[in-house]
> 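Quick one: the structure is below, and I'll ask about it shortly.
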Amino acid sequence: MEEAETRQGLVRFGVSVPVTLVRAFDERIAQLGYTNRSEAIRDLMRAHLVEAEWEQAHGQVVGTVTIIYDHEKPDLSQVLTSLQHRYVHAIVCTTHVHLDAHNCMEVIVLRGRAEEIQKIASSLISARGVKHGKLVCSTTGAELA
Ligand code: NI
């Protein structure tokens, strides 16, 4: 691989890319608010490495689970609270937002082994009556430049 290291500890490298691919990429990153192609590529590289942290399943990861549900569904609030008490060692905090007269949003911040975080997220998201749920996988940042 051809590359040159700068004094700032950065590496410059040349990449051959089809014109149509780089134009489409530039258009997309401009829509996302990037003013700089290098920053967009660095973020893609980091996202790829965070994915690897989750796949390798050793060490600590962090994540957030967002769930939307109707608090009037019989037993549901109790089920969600019981789950959070069961996994209290991995739950950093929970924020509850009353969206309207019926719907609630909960954002649960998790920290622990990837495998366990995924298990906790699945049990919350799949609870009967949860309308929508999503796990966002992130990193403690310790392993990421
Ligand atoms: Ni509520």
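Numbering of ligands and ligand atoms starts at 1, following listing order. FYI, side chains are in, hydrogens and waters are out, and symmetry mates aren't considered; it's all heavy atoms of this structure. In this text, all values refer to a predicted model and were calculated from it rather than measured experimentally.
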> To check your reading of the site, what angle at the Ni ion (ligand 1) do NE2 of H96 and SG of C104 form, to 10°?
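About 100° at the Ni ion (ligand 1).
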> Main chain of T139, side chain of W54: is a donor-acceptor contact present, judged purely on distance under 3.5 Å?
no
> Determine the sole option in E106, R128, H102 for which the side chain to side chain donor-acceptor pair (under 3.5 Å) test with Y69 is passed.
E106
> Within less than 2.8 Å of the Ni ion (ligand 1), any N, O or S from H71?
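No - counting backbone and side chain alike, H71 has no N, O or S atom under 2.8 Å.
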> Inspect the contact between E39 and R42 and indicate whether a charged nitrogen and a carboxylate oxygen are less than 4.0 angstrom apart.
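Yes, charged N to carboxylate O under 4.0 Å.
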> Can you tell me which N/O/S atom of H98 has the shortest distance to the Ni ion (ligand 1)?
ND1
> Between V22 and R37, is any pair of side-chain heavy atoms under 4.5 Å apart?
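Answer yes - side chains close enough.
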